[in-house]
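Heavy atoms only: backbone and side chains are in, while hydrogens, waters and symmetry mates are out.
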Amino acid sequence: YTSACFKKERDVIVNEIAPEEVEGSVSQYITRLRKNNFYRGHVLGHPVGGTTQTIKNITPDDILHYKRERVNASNTMFTIVGGYNQKNLEEQLEEYFGSLLQGQQKKILLDDVPPIFPLHEKKRFSGISSASMGLWFQVPGFIDKERPYLSLLSKYLGGGLSSRLSQIIREENGLAYDVDIVGEDIPLANKCTWSVSVTHFGENNQEKILGLIEQEFEKVRQEDIDMSLLETIKNSRVKTFWGAHLENIRSQVNEIDDIF
């Protein structure tokens, strides 16, 4: 890598990241906020694409060191599918990749996932006078036995206009434009974050919105459930799987994971 080419590419990346750090979309801001606050001091808290400051600090030697450490024969796997001549394939692999040096194997599973720091946050965007707010929780991961209940509960509380939170916050009280619950799995660990996102509301309504959210959570804790709505959600999830995705194996797997 020449110094000029490296600097040119680094400047391009910085220019791409900088606008997102200043403002960006609501979802981008929420993602950065969640990672910065939840995983303080842990690698999970680092932005995948880096920050303007970390990118500016990278040197050509850093890139070469990373390449030597990570891109080596010990960390390389090939998957080859389809008709091929094994002898020719082996010759091609040796020609193009035979010079890869052995290196230290790097683990890909995380030993520890820190607990989430409880918080809620709000921010104005693009000069608009409305606010957006998010509340986050750490919840069971994909292979946890309680995951199916979580999937149904997220739809019941925040899965669209018919959900409980949308009904009481938007439809009945007109306090916010949108209320949603989104789950996001933590890579390489059996953990998941669960965010309640409330967008475009007057700041004077924040405490009332928080009170209504807590009220609905308390009803769930007390098993005060709208069984008609819950049955509708369950039937909808099952029909989505058996109806719309029977021809698509990948979609089937995703739906099975969500339902069961």
Side-chain angles (χ1 to χ4, degrees), residues 20 23-38 116-126 128-142 146-187 191-221 224-226 228-241 244 251 254-255 257-259:
E20 296 181 3
E23 187 169 278
S25 68
V26 172
S27 62
Q28 289 170 334
Y29 172 74
I30 288 175
T31 297
R32 292 198 303 273
L33 181 73
R34 176 179 61 82
K35 291 181 177 179
N36 289 340
N37 286 275
F38 288 177
I116 288 174
F117 288 78
L119 77 147
H120 70 266
E121 183 65 295
K122 63 182 181 181
K123 182 182 171 109
R124 289 190 178 91
F125 292 90
S126 302
I128 299 174
S129 60
S130 62
S132 295
M133 175 174 63
L135 299 95
W136 294 268
F137 310 88
Q138 189 161 294
V139 295
F142 266 124
E146 294 185 351
R147 179 65 179 234
Y149 308 117
L150 176 69
S151 177
L152 291 176
L153 184 60
S154 66
K155 296 294 181 184
Y156 174 83
L157 287 172
L161 292 177
S162 62
S163 67
R164 287 296 304 153
L165 291 179
S166 184
Q167 283 294 305
I168 64 167
I169 292 174
R170 172 179 165 142
E171 302 301 326
E172 296 178 13
N173 291 281
L175 298 174
Y177 178 76
D178 189 37
V179 185
D180 195 16
I181 291 182
V182 178
E184 181 178 350
D185 283 280
I186 300 172
K191 301 288 184 181
C192 179
T193 60
W194 208 43
S195 65
V196 181
S197 176
V198 185
T199 59
H200 304 305
F201 62 88
E203 294 186 47
N204 293 335
N205 294 331
Q206 179 177 342
E207 292 305 317
K208 188 172 183 180
I209 291 172
L210 289 171
L212 291 173
I213 292 173
E214 175 57 31
Q215 173 185 300
E216 286 303 309
F217 275 50
E218 182 60 29
K219 285 184 177 180
V220 171
R221 286 192 286 266
D224 182 5
I225 304 292
D226 183 339
S228 175
L229 175 59
L230 185 61
E231 284 301 318
T232 299
I233 293 169
K234 289 168 65 177
N235 291 334
S236 173
R237 299 294 285 162
V238 172
K239 288 178 181 177
T240 298
F241 166 63
S251 295
N254 290 338
E255 289 294 336
D257 178 74
D258 282 345
I259 295 171

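Residues Y156 and V220 come closest through the heavy atom pair CE2-CG2, 4.4 Å.
Note that CG of L152 and CD of E231 are 9.5 Å apart. Values are rounded to the nearest 0.5 Å. A distance of 10.0 Å separates CD in Q215 from CG in L165, rounded to the nearest 0.5 Å. A distance of 6.5 Å separates CD1 in I181 from CG in L153, rounded to the nearest 0.5 Å. Note that CD1 of I209 is 9.5 Å distant from CD of E207, once rounded to the nearest 0.5 Å.
Annotation: side chain of F201 is not in contact with side chain of L175 (no heavy-atom distance under 4.5 Å). Side-chain contact between I213 and V198 is present, with heavy atoms from C-beta onward closer than 4.5 Å.
Scored by the salt bridge (charged side-chain N to carboxylate O under 4.0 Å, His left out) test, K219 finds E216 as partners (sequence neighbours excluded). Under the rule for a side-chain contact (heavy atoms from CB on, under 4.5 Å), the partners of S163 that lie at least two apart in sequence or sit in another chain are S166. Every ring-ring contact (aromatic ring centres under 6.0 Å, His included) that F217 has, sequence neighbours left out, goes to F137. Not counting sequence neighbours, Q167 has no partner by the side-chain hydrogen bond (donor to acceptor under 3.5 Å, both in side chains) test.
The side chain to side chain donor-acceptor pair (under 3.5 Å) analysis of residues 168-179, with sequence neighbours excluded, yields no pairs.
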